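Keep in mind the model is a prediction, meaning the values are calculated, not measured. No hydrogens, no waters, no symmetry mates; every other heavy atom, side chains included, goes into these values.
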Amino acid sequence: MKKKIYLFLPIIAAIFSFPSCVNDEGNDVMAPINEIEISGIEEEYNVVTQQETLTITPEISGTISKADESDLEYEWFLCNDGITDHHHEIISTERNLNYPVVAPPSNYTLYFSVKDKVTGLKWEQACALNIISPFVRGFYLFGDKEDETVGLDFVSMINGRDNTVIPNILNNDLELRGAENIVFTGYYSIYPESNILWIITKSGSYKVENSASQTKFNLIKESGNPENFIFPTIPVTRPMKIIGVWPHSIGKNNTNLARTARVVCTENEYFNGSFYGTAEAYGNPINRYSASSKELFKPSKYVFYQGNSTYLSYMAFYDETNDCFVRLNSSYSFASSSVKQTNNGTPFYFDQKQYASPRKLIYGENGYGNNGQSYALMRDTDGNYYVYMFLVSSSISAKAERSIDLSIATDFAQADHYAFYSMQQIILYSVGSKLYAYDYSRHENKLIRDFGTEVTYIGMDYNSNNDPNHLLVATYGNGKGVVYGYSVTDNQNLIEAKPVEGEEWHTDLKVVKIEYRNAAN
């Protein structure tokens with residue numbers, strides 16, 4: 001149906017025009033009509049679907065006398081402004097509109113119709129109604145419910161409105177259990193199909209619908225199966241379970257660092273490839289030292305690259321079989337194998353077997369401050385801990401090594417979760433209900449807070465506000481979870497983290513991962 005131009009004009013008094021009097025056939029006298037006048041309706045309304053109620057109280061009067069309510073019928077209806085799928089939806093037959101918004105996000109025209117039952121004449125008034133998705137920008141909260149099935153909540157962050165937690169947005173029809181990880185690959189406008197949301201559970205990895213136009217997100221069972229887009233010609237571990245996808249996005253706009261290129265990590269392999277249009281495909285694994293080799297090393301679950309880069313070409317990994325850092329044999333879009341990174345031990349060895357007490361990778365992270373350096377937490381066979389700082393480009397450049405003084409870092413060896421604060425030489429860690437921050441340059445430790453319930457997640461969040469000082473902490477106890485926002489103080493002589501006002505979000509989930517999203521599609 002062709003669009004009607006008046007849908008985009010300011011409010012009009014009536015869509016249809018009628019004569020101002022009618023003929024009284026009994027005595028052949030022209031009787032004046034009490035025309036209806038409608039006011040009190042604004043030109044435009046903006047509401048969030050599934051979250052807000054649209055309330056409008058129109059004023060109705062007659063040109064001759066006050067309109068008799070008993071003679072009037074009312075109707076509110078939405079026009080979806082569609083060209084190929086144009087339709088009207090009646091949402092109320094009451095004079096005053098009180099509409100809990102459930103319509104899908106879109107731009108609508110809202111009509112208010114008043115009918116005089118005596119004369120049969122009808123008056124209408126229109127306004128613009130913009131129904132907004134709550135899922136454009138915010139945080140995915142992924143975790144376990146009290147019944148141990150996985151769940152997904154969303155902290156909706158809409159400009160001009162308070163942040164709101166929208167619970168239970170995942171249709172977990174497979175009753176998946178054991179939440180492990182969630183990854184949103186970020187936004188790329190040329191190929192919106194490349195915006196993929198992954199959830200990883202104990203039983204497997206699954207793509208999830210993530211369009212902001214939806215009100216519930218379903219598991220994509222067929223295309224989410226790695227067997228349908230990873231096609232190796234050498235033996236690999238099956239069934240394949242994806243545990244991570246890189247690179248992640250950067251910044252408030254959620255732009256993916258490599259647009260269409262991806263590195264996918266399964267439990268025992270790394271694969272690289274490109275995503276153009278709707279075609280996503282990967283070939284042989286790259287965690288091997290020759291493109292013709294069938295011998296694969298065990299990769300860690302961490303991938304290293306410059307976290308502050310605006311476009312990414314190079315990545316590094318950790319070989320758990322040989323305990324050494326490796327890089328790809330070319331830019332990762334075209335890599336077919338890996339290369340061991342070697343050095344003379346200044347300031348640290350990349351080959352961990354060079355140490356009399358060999359070291360292993362415990363945790364890794366990519367920073368936004370400190371020129372985008374990466375961080376690795378290492379532990380040797382004697383139980384000592386070390387922090388490596390290095391920069392990934394076409395090779396890996398070792399920058400610094402620091403040790404953890406276990407006599408100062410309280411219960412560090414019992415830590416459950418870690419996060420590197422890249423603006424200073426500080427590692428945050430949690431033990432049970434307690435959150436600590438340790439300065440591994442000045443060897444100073446501080447208890448940030450004892451939350452009283454188990455800390456289930458800590459992570460630095462640069463993206464949501466382009467702020468490298470932003471820290472997120474999730475806790476859980478007695479069937480209830482809480483997510484807190486903190487701001488870490490950027491001061492080399494001070495360890496401090498302050499709560500961010502308005503950032504305390506309640507959920508029924510035991511949150512294991514928080515992922516930022518900003519994508520209109």
Side-chain angles (χ1 to χ4, degrees), residues 180-181 183 200 202 204-205 226 230 232 234-248 262-272 282 284-291 293-305 314-329 332 335-343 345 348-366 373-390 392 395-396 398 401 404 412-413 415-420 427 429 512-513:
E180 293 181 349
N181 193 18
V183 177
I200 293 93
K202 288 182 179 179
S205 48
I230 300 178
I234 64 174
V236 297
T237 303
R238 297 181 187 274
M240 289 184 281
K241 173 185 173 182
I242 290 175
I243 63 171
V245 181
W246 289 272
H248 295 178
R262 297 277 190 271
V263 165
V264 170
C265 180
T266 63
E267 290 181 296
N268 293 283
E269 294 88 19
Y270 281 124
F271 302 90
N272 73 311
Y282 304 87
N284 281 324
I286 54 178
N287 53 307
R288 52 184 179 166
Y289 292 115
S290 166
S293 174
K294 295 182 181 180
E295 184 178 352
L296 305 178
F297 61 79
K298 170 71 172 176
S300 78
K301 62 181 180 180
Y302 303 105
V303 174
F304 300 103
Y305 52 82
Y314 300 98
M315 290 185 177
F317 312 97
Y318 187 78
D319 172 353
E320 291 188 348
T321 302
N322 300 290
D323 284 315
C324 61
F325 289 86
V326 304
R327 58 179 174 82
L328 297 179
N329 66 347
Y332 76 93
S336 57
S337 61
S338 300
V339 177
K340 288 184 179 181
Q341 187 72 45
T342 60
N343 65 341
F348 60 86
Y349 285 109
F350 288 119
D351 181 357
Q352 302 307 294
K353 292 183 178 178
Q354 292 288 329
Y355 294 101
S357 179
R359 303 173 182 177
K360 292 183 177 294
L361 176 66
I362 302 302
Y363 174 77
E365 187 175 324
N366 300 300
Q373 289 189 24
S374 297
Y375 299 83
L377 178 64
M378 314 298 295
R379 183 178 62 204
D380 66 20
T381 53
D382 294 328
N384 300 306
Y385 288 82
Y386 308 87
V387 173
Y388 292 171
M389 290 166 275
F390 53 97
V392 178
S395 62
I396 313 173
E401 176 198 39
I404 305 291
F412 191 88
D416 304 303
H417 307 281
Y418 311 95
F420 281 102
I427 184 171
Y429 67 99
V512 301
K513 180 70 183 295

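Here F348 and Y386 keep their ring centres 6.0 angstrom or further from each other. Aromatic ring centres of Y375 and F420 lie closer together than 6.0 Å. Less than 6.0 angstrom separates the ring centroid of Y418 from the ring centroid of F412.
Closest approach of P232 to F271, counting heavy atoms only: CB-CE2, 4.4 Å. Here the shortest heavy-atom pairing between T381 and S357 reads OG1-OG, 2.6 Å. The two atoms that bring A376 and L361 nearest to each other are CB-CD1, 3.6 Å, heavy atoms only. The two atoms that bring H248 and Y305 nearest to each other are N-OH, 3.2 Å, heavy atoms only.
Note that CD1 of I396 is 10.0 Å distant from OG1 of T342, once rounded to the nearest 0.5 Å. For the atom pair OH (Y355) and CG (D380), the distance works out to 10.0 Å, reported to the nearest 0.5 Å. Between F390 atom CZ and Q373 atom CD the span is 9.5 Å, to the nearest 0.5 Å. Rounded to the nearest 0.5 Å, atoms CE (M378) and CD (E401) are 10.0 Å apart. With rounding to the nearest 0.5 Å, the separation of CG in N272 from OH in Y282 is 8.5 Å. One finds the NZ atom of K353 at 15.0 Å from the CZ atom of R359 (value rounded to the nearest 0.5 Å).
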Using the rule given for side-chain contact (heavy atoms from CB on, under 4.5 Å), can you reason through V392 versus N366, listing the C-alpha separation, both sets of side-chain angles and the distance that settles it, and then say yes or no? CA-CA 10 Å; V392 178; N366 300 300; 5.9 Å; no

Verdict with supporting geometry, K340 and D351, side-chain contact (heavy atoms from CB on, under 4.5 Å): CA-CA 8 Å; K340 288 184 179 181; D351 181 357; over 6 Å; no

Kindly determine whether N329 and S336 satisfy side-chain contact (heavy atoms from CB on, under 4.5 Å), including the steps that lead there. CA-CA 7 Å; N329 66 347; S336 57; 3.4 Å; yes

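Looking at V387 and I404, their side chains come closer than 4.5 Å, going by heavy atoms from C-beta outward. Proximity of Q341 to S395: side-chain heavy atoms (C-beta onward) are separated by under 4.5 Å at one or more points. In this structure the side chain of Y314 never reaches within 4.5 angstrom of the side chain of L328, judged on heavy atoms. In this structure the side chain of V245 never reaches within 4.5 angstrom of the side chain of V263, judged on heavy atoms. Side chains of T237 and T266 form no contact here, defined as non-hydrogen atoms less than 4.5 Å apart. Between D319 and Y289 the shortest side-chain heavy-atom distance falls below 4.5 Å. Looking at heavy atoms from C-beta onward, I200 lies in side-chain contact with K241 at the 4.5 angstrom threshold. Taking 4.5 Å as the limit, every side-chain heavy atom of S300 sits out of range of all side-chain heavy atoms of K360.
Formation of a donor-acceptor pair under 3.5 Å by the D382 side chain with backbone atoms of N384 is not found in this model. With S374 contributing its side chain and F304 its backbone, the two residues share no donor-acceptor pair below 3.5 Å. A donor-acceptor pair is defined here as one N or O able to donate and one able to accept, closer than 3.5 Å; such a pair exists between the side chain of S338 and the backbone of I286. Using modelled atom types, one side-chain atom of R288 and one backbone atom of S293 make a donor-acceptor pair closer than 3.5 Å. One N or O on the side chain of N287 and one on the backbone of Y270 form a donor-acceptor pair closer than 3.5 Å. E267 contributes no side-chain N or O that, together with a main-chain N or O of I243, makes up a donor-acceptor pair within less than 3.5 Å. Formation of a donor-acceptor pair under 3.5 Å by the T321 side chain with backbone atoms of K298 is found in this model. Between the side chain of N181 and the main chain of K513, no donor-acceptor pair closer than 3.5 Å is present.
Under the 3.5 Å distance criterion, with hydrogens and angles disregarded, a donor-acceptor pair is assigned to the side chains of Y318 and D323. Checking Y388 against Q352 by side-chain atom types alone, a donor-acceptor pair falls below 3.5 Å.
Electrostatic pairing of K301 and E180 does not count as a salt bridge here, judged by no charged N lying under 4.0 Å from a carboxylate O.
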